[in-house]
Amino acid sequence: TPVIKKVMPIPKAHYGGRHTVTLLPGAGIGPELMAIVKEVFSYAGVPVDFEDIDIDPNADNNDDLNYAITSIRRNGVALKGNIETRSREVEVLSRNVALRNELDLYVNVLHCVSYPGVNSRQKDIDIVIVRQNTEGEYAMLEHESVDGVVESMKIITRSNSERLARYAFEYAKRNGRKKVTTVHKANIMKLSDGLFLETSKQVAKEYPDITHSDMIIDNTCMQLVSNPHQFDVILTTNLYGSIVSNVVCGLLGGAGLLSGKNFGDHYTVFEPGTRNTGAKIAGKNIANPIAMLNAAVDMLRHLGHRHHATIIQNAINKTINAGVHTRDLGGSATSREVVDSIMKHIKIAVN
Ligand code: ATP
């Protein structure tokens, strides 16, 4: 098998030690969380400037989206909330999916680590989910062939399956992980998931030091709930990845905690791990700001701003350990109180 050399995304827009990154607030709680990120960054003196781009959810064209894509191509890096697509025009597809496809962000990585200070259903979890991010069940190729009969295509390609599998094994190797589990439904979708599974088995042969196994998606959900500690790195298709991510986030404390990373060979997009809009909780000062702040910290690490990343990360951890929790974590703190606590710990660290 030819070895595809992985080119790491290169952060651009580096001027006088500062970086410019594209900011896509999206809908629901996105804008209020981005305002918090900006406030925390400015308070901590982070050398990052934002290029804000709002995408009109009602637009019947993709002008805003194309502008956002051009901006990310220029800056190399983006921080993103969940974008809404209200238009029912068939040619206006989900903008979140379109953005990932256009930028060829073929990997989504969700590192699910327990916070000791959060009262969660399972303790001491440390699972990495490596999810295909540009094809599979999200191909958005649907049509009504005859009245009352809809066909939806799931696309699996060897090339995308192979570079994803290689990413997962390389990740495991780099990070001292011992085991990769391919999650699939190849017993039913013999050709599509069969190709995904077979490709991962081929790639696994190049990594004899890492144990490779596979598991059906249904059983994986059950095993994750009952015995999650058996998992190390999970390698899976797009939709199964979304489901498994939500299950693990649920076990760890919900949608408001973890961040996710979208990688391609050239661009990187950071966002909350479970990609929620949170429309019902928007504007109420109750959304948990941690997931978006963690995404912002991931972005700082990626850009090489390790010092600022560590200061903010420590302030987040101290806030969680001190029990300053929003409602989703069983607490009663407002978003504001969580942010104030984080800023207090930043102040202590920098003085
Ligand atoms: P809506 O977007 O209308 O609130 P939904 O069912 O589409 O409803 P999602 O946005 O997918 O919900 O979010 C799933 C759940 O997680 C919701 O209950 C939402 O309130 C909650 N949630 C998402 N993000 C956060 C957050 N940052 N803090 C607290 N709760 C959150």
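Position 1 is the first residue of the sequence; numbering continues from there. Whatever order the structure lists them in is the order used to number ligands and atoms, beginning at 1.
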Between [Y] and [X], does any NZ, NE, NH1 or NH2 come within less than 4.0 Å of an OD or OE carboxylate oxygen?
X: Asp64; Y: Arg95; value: no
X: Asp193; Y: Lys185; value: no
X: Asp340; Y: Arg336; value: yes
X: Asp232; Y: Lys178; value: no

*With the 4.5 Å side-chain cut-off for hydrophobic clustering, are Tyr240 and Ile155 part of the same group?*
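Each belongs to a different hydrophobic cluster.
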*Could you label the plane-to-plane angle of the Phe263 and His302 rings as parallel, tilted or perpendicular, counting under 30° as parallel and over 60° as perpendicular?*
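Geometry flag for His302 against Phe263: tilted rings.
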I'd like a table of the close N/O pairs between ligand 1 and the protein (anything under 3.5 Å), one pair per line with both atom names and the distance.
from, atom 1, to, atom 2, distance (Å)
ligand 1, 2 (O), Gly278, N, 3.2
ligand 1, 2 (O), Ala279, N, 2.9
ligand 1, 3 (O), Lys280, NZ, 3.3
ligand 1, 4 (O), Ala279, N, 3.1
ligand 1, 4 (O), Lys280, N, 2.9
ligand 1, 8 (O), Lys280, NZ, 3.3
ligand 1, 10 (O), Thr277, N, 2.9
ligand 1, 10 (O), Gly278, N, 2.6
ligand 1, 11 (O), Asn276, ND2, 2.8
ligand 1, 13 (O), Asn276, ND2, 3.1
ligand 1, 27 (N), Asn288, O, 3.0
ligand 1, 28 (N), Asn288, N, 2.8

